[in-house]
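Have a look at the structure below before the remarks.
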Protein chains: 2
Amino acid sequence: MVKKYNISVEATLEVIGGKWKCVILCHLTHGRKRTSDLKRIMPKITQKMLTQQLRELERDGIVNRISYNQVPPKVEYELSEYGWSLKPILDSLCAWGNIHIIKEYGDKSLMLEDNGLND
Amino acid sequence: MVKKYNISVEATLEVIGGKWKCVILCHLTHGRKRTSDLKRIMPKITQKMLTQQLRELERDGIVNRISYNQVPPKVEYELSEYGWSLKPILDSLCAWGNIHIIKEYGDKSLMLEDNGLND
DNA sequence: TTATATAGTTACTTTAAAGTAACATAGGCA
DNA sequence: TGCCTATGTTACTTTAAAGTAACTATATAA
């Protein structure tokens, strides 16, 4: 077998890398969410990307998918126990981002959408 | 002006996202490195990607570029003071990656290159 | 019976990231 | 003179990620 990683951080990036996964996971650290909740909180994500990213996170054991058998469908997503082990990382990524935004733009309210989670 | 971020973690990803930046930064947490050192430690990175990523990290104030005026050239890179503020994040990304590799493959020595930094 | 609501899929296109290979620099040394 | 070194650049190609738009399913309520 060929060694896959130069350094272990690459394994983490395989799981939470890309444009959307960290964003989704940060929102899920504030509690279980329906698909429609996630779409409302992240207005710019498309249905396709949302499902795709959630599927991959589910495959990697990071989130649980809870499907209620009803019509119209109701599906909720939450961090799994393993997913919660990412909480300190997600928190510090957000915290550093806040500092960086203030450093770059002076005022974070200018750059962050008003979704009730940026206060 | 249009709000740029849904949540602050996106600002962080703009700085350290992509395939190489976290890897480069993790190596730099072990000390100042010449370009040739970095190429040796990361054999799969190309000259172009290495320079490109370092330039962006420099532009964002994360690394310092130290150029000795001599021929053949000698250039060193190190974390800036601002870059060092990422150290806790980089460390926890690596630590989580180790755990994840062990969870997925049982033995991390099977997956990590022998570059002297994975022990 | 027809419209509604929610979650998801599919084929396709666009955009962005990464990789390749050849070239540039310039002082020292054989 | 001409080659070596280390670092970096450029034009181009390839690959991967993300986005678009149209489609599906189906119990319930109007």
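These numbers come from a predicted model, not from an experiment. Quick note on labels: first sequence line is chain A, next is B, and so on, each numbered from 1. All values below come from the heavy atoms of this structure, side chains included, with hydrogens, waters and symmetry mates left out.
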- Item | Lys/Arg-Asp/Glu bridge criterion (N-O < 4.0 Å) met for B:Glu14, B:Lys4 | yes

- Starting at the 5' end of DNA chain C, which residue's closest nucleotide do you reach first, A:Pro72 or A:Thr51? A:Pro72

- Note on the structure: Of the candidates C:dG8, C:dG19, D:dT7, the side chain of A:Val75 sits closest to C:dG8

- Below 4.0 angstrom from OP1 or OP2 of C:dT9, is there any side-chain N or O of A:Arg55? yes

- Picking from C:dA18, D:dT7, C:dG8, the nucleotide nearest the side-chain atoms of B:Met49 would be C:dA18

- Rounded interatomic separation in angstrom, taking CD1 from B:Ile45 and P from C:dG19: 8 Å

- Give the rounded distance in Å between these two atoms: NZ of B:Lys33 and C1' of D:dA6. 18 Å

- Note on the structure: A:Arg40 CZ to C:dA5 P, in whole Å, measures 16 Å

- Query: Between B:Tyr77 and D:dT7, is there a side-chain N or O to OP1/OP2 distance below 4.0 Å?
  - Reply: no

- Query: Taking atom CG of B:Asp37 and atom CE of B:Met42, what is their separation to the nearest 0.5 Å?
  - Reply: 10.0 Å

- Between C:dA7 and A:Lys39, is there an OP1 or OP2 to side-chain N/O distance shorter than 4.0 Å? no

- Any side-chain N or O of A:Arg34 less than 4.0 Å from the OP1 or OP2 oxygen of C:dT6? no

- Would you indicate which nucleotide in C:dG8, D:dT7, C:dA18 comes nearest to any side-chain atom of A:Gln47? C:dG8

- Quick one: B:Gln70 CD to D:dA6 C1', roughly how many Å, whole number? 10 Å

- Is A:Arg32 salt-bridged to A:Glu76, cutoff N-O under 4.0 Å? yes

- Mind listing the closest non-hydrogen atom pair of B:Cys94 and A:Ser8 along with its distance? O-OG, 2.9 Å

- Query: Looking across every strand, which nucleic acid part, if any, lies under 4.0 Å from A:Tyr68 by heavy atom: base, sugar-phosphate, or nothing?
  - Reply: nothing

- Item | Length of the line joining B:Gln52:CD and C:dG19:P, which is rounded to integer Å | 10 Å

- Item | Integer-rounded Å distance: C:dA17 P and B:Lys44 NZ | 22 Å

- Item | Least distance between heavy atoms, A:Tyr77 atom then A:Leu38 atom | CD1-CD1, 4.4 Å

- Query: Quick one: is C:dA5 close enough that its OP1 or OP2 comes under 4.0 Å of any side-chain N or O from A:Ser36?
  - Reply: no

- B:Asn69 CG - C:dT25 C1' separation (whole Å): 12 Å

- Along DNA chain D (nearest heavy atom to each residue), the more 5'-positioned of A:Lys19 and B:Glu76: B:Glu76

- Using rotation axes that map the C1' atoms of four end pairs onto the next four (five pairs an end), what angle separates the end axes of the helix from C:dT1-D:dA30 to C:dA30-D:dT1, to 10°? 30°

- Query: Does B:Glu10 pair with A:Lys19 as a salt bridge, N-O distance under 4.0 Å?
  - Reply: no

- Output yes when B:Glu78 and B:Arg65 qualify as a salt bridge under the 4.0 Å nitrogen-oxygen rule, no when they do not. no

- Task: For B:Thr46, report the nucleic acid contact type (base, sugar-phosphate, nothing); a contact means any heavy atom under 4.0 Å.
- Result: base

- Message: As a test of reading the structure: which of C:dG27, C:dA7, C:dA18 is closest to the side chain of B:Val71, going by heavy atoms?
- Response: C:dG27

- For atom CD of B:Gln53 and atom P of D:dG8, their distance in whole Å: 14 Å

- Task: State whether a side-chain donor-acceptor pair under 3.5 Å links B:Asn6 with A:His27.
- Result: yes

